[in-house]
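Note that the numbering runs from 1 along the sequence shown for the chain.
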Amino acid sequence: MKNILIHGLPGSGKTTIIKRLCVIFKEFNPVGFITSEIYDGENRVGFEVANLFGDSRTFAHTKLKSKVIVGKYKVDLRAFDDLLDKTFSKEKKTGLYMIDEIGRMECASKKFSKLIIELLGSNKPLVAVIAEKGADLINNIKKRDDVALFEITEQNRDLRIKELTMVIRDLLLD
């Protein structure tokens with residue numbers, strides 16, 4: 001097992017954990033991206049993806065023009081694929097991949113779907129948030145022999161950070 005998948009209900013702290021783990025393991029030059037919600041007042045209107053180098057793109061929004069629609073959001077696959085290119089072309093010295101998240105919107109990108117399979121099969125650990133439900137790719141990833149699933153809840157979040165830190169440290173020092 002060298003791949004760690006984090007799952008849980010919305011608001012349980014999955015993105016917070018990924019951000020904290022990026023800081024904890026910064027000496028291993030983690031490569032990946034964080035997804036943030038975009039709000040207009042109290043209404044969520046979209047999502048932004050930002051790589052760990054500081055580049056970001058609006059990935060999905062209610063006001064974008066796109067043929068790719070997930071829920072109420074229109075998905076800008078070109079912007080997402082561009083960010084993936086910028087992120088994973090710089091990653092030669094990384095020891096760890098961090099992905100927030102493997103979800104329906106992200107899996108609409110053929111480039112992302114191919115990349116995730118490559119990262120799962122690489123010799124470096126992958127820590128990723130994965131959707132609770134999803135299509136074939138999401139379900140197939142969860143069934144792999146080389147993944148461990150960690151469920152996050154508001155109650156266990158702090159304990160899980162400690163647990164994940166120990167598991168990842170062991171993987172990196174192997």
Side-chain angles (χ1 to χ4, degrees), residues 1-22 30-37 44 46-52 57 59-62 64 66-85 87-88 91 94 96-157 159-161 163-165 167-168 170-171:
M1 179 279 309
K2 67 154 204 63
N3 299 304
I4 293 169
L5 301 178
I6 298 168
H7 68 104
L9 296 173
S12 58
K14 301 176 299 288
T15 298
T16 301
I17 285 178
I18 291 283
K19 287 178 180 175
R20 299 252 305 269
L21 292 170
C22 285
V31 170
F33 63 86
I34 303 290
T35 306
S36 309
E37 297 170 330
R44 185 172 68 190
F47 295 91
E48 178 184 81
V49 287
N51 67 21
L52 305 179
R57 304 280 183 288
F59 169 45
H61 202 283
T62 55
L64 282 175
S66 174
K67 292 183 175 113
V68 180
I69 300 170
V70 176
K72 67 180 180 179
Y73 305 103
K74 295 168 189 81
V75 182
D76 187 344
L77 292 179
R78 191 172 293 137
F80 185 50
D81 287 351
D82 179 58
L83 186 85
L84 292 174
D85 287 340
T87 303
F88 291 93
E91 58 85 25
T94 187
L96 180 64
Y97 297 109
M98 297 287 208
I99 303 289
D100 175 37
E101 93 180 74
I102 305 168
R104 284 177 41 217
M105 283 185 216
E106 293 82 5
C107 290
S109 161
K110 289 184 175 76
K111 182 182 291 268
F112 177 77
S113 297
K114 184 173 177 261
L115 176 69
I116 282 299
I117 297 303
E118 287 172 15
L119 296 181
L120 285 161
S122 82
N123 61 354
K124 296 170 184 169
L126 167 69
V127 180
V129 171
I130 193 159
E132 287 291 322
K133 296 186 288 240
D136 293 343
L137 180 63
I138 291 169
N139 291 328
N140 290 341
I141 289 171
K142 287 180 181 178
K143 291 178 192 162
R144 289 174 60 117
D145 291 339
D146 59 353
V147 305
L149 281 166
F150 289 81
E151 183 175 12
I152 305 302
T153 64
E154 286 183 57
Q155 293 75 28
N156 77 4
R157 180 176 41 218
L159 186 64
R160 282 293 200 211
I161 288 174
E163 187 180 358
L164 286 163
T165 300
V167 170
I168 295 165
D170 288 347
L171 287 173

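Pairing each heavy atom of V147 with each of M1, the nearest pair is C-CG, 3.9 Å.
The salt bridge (Lys or Arg N to Asp or Glu O under 4.0 Å) contacts involving residues 127-144 comprise R144-D146, where partners must be two or more places apart or lie in separate chains. The list of side chain to side chain donor-acceptor pair (under 3.5 Å) pairs with a residue in residues 9-21, not counting sequence neighbours, reads T15-D100.
In this structure, the side chains of I130 and I6 stay at 4.5 Å or more apart for every pair of heavy atoms.
For F88 and F112, the ring centers sit 6.0 Å or farther from each other.
Annotation for K114: atom NZ does not count as buried by contact number, only 12 or fewer foreign heavy atoms lying within 6.0 Å. Remark: R157 CZ is packed, more than 12 non-hydrogen atoms of other residues, nucleotides or ligands lying under 6.0 Å away.
Screening L96, V167, I17 against V127 for a side-chain contact (heavy atoms from CB on, under 4.5 Å) leaves a single residue, L96. Exactly one of K111, R57, R78 qualifies for a salt bridge (charged side-chain N to carboxylate O under 4.0 Å, His left out) with D85. That residue is K111.
For the atom pair L164 CG and I4 CD1, the distance stands at 6.0 Å (nearest 0.5 Å).
Side-chain contact of D81 with S109: a donor-acceptor pair under 3.5 Å is present, judged by distance alone.
Relative ring orientation between F80 and F33 is described as perpendicular, the plane-to-plane angle rising above 60° on a 0-90° scale split at 30° and 60°.
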Derivation and outcome, side-chain contact (heavy atoms from CB on, under 4.5 Å), residues K74 and T62 | CA-CA 6 Å; K74 295 168 189 81; T62 55; 5.5 Å; no

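Residues passing the ring pair (Phe, Tyr, Trp, His ring centres under 6.0 Å) test with F47, sequence neighbours excluded: Y73.
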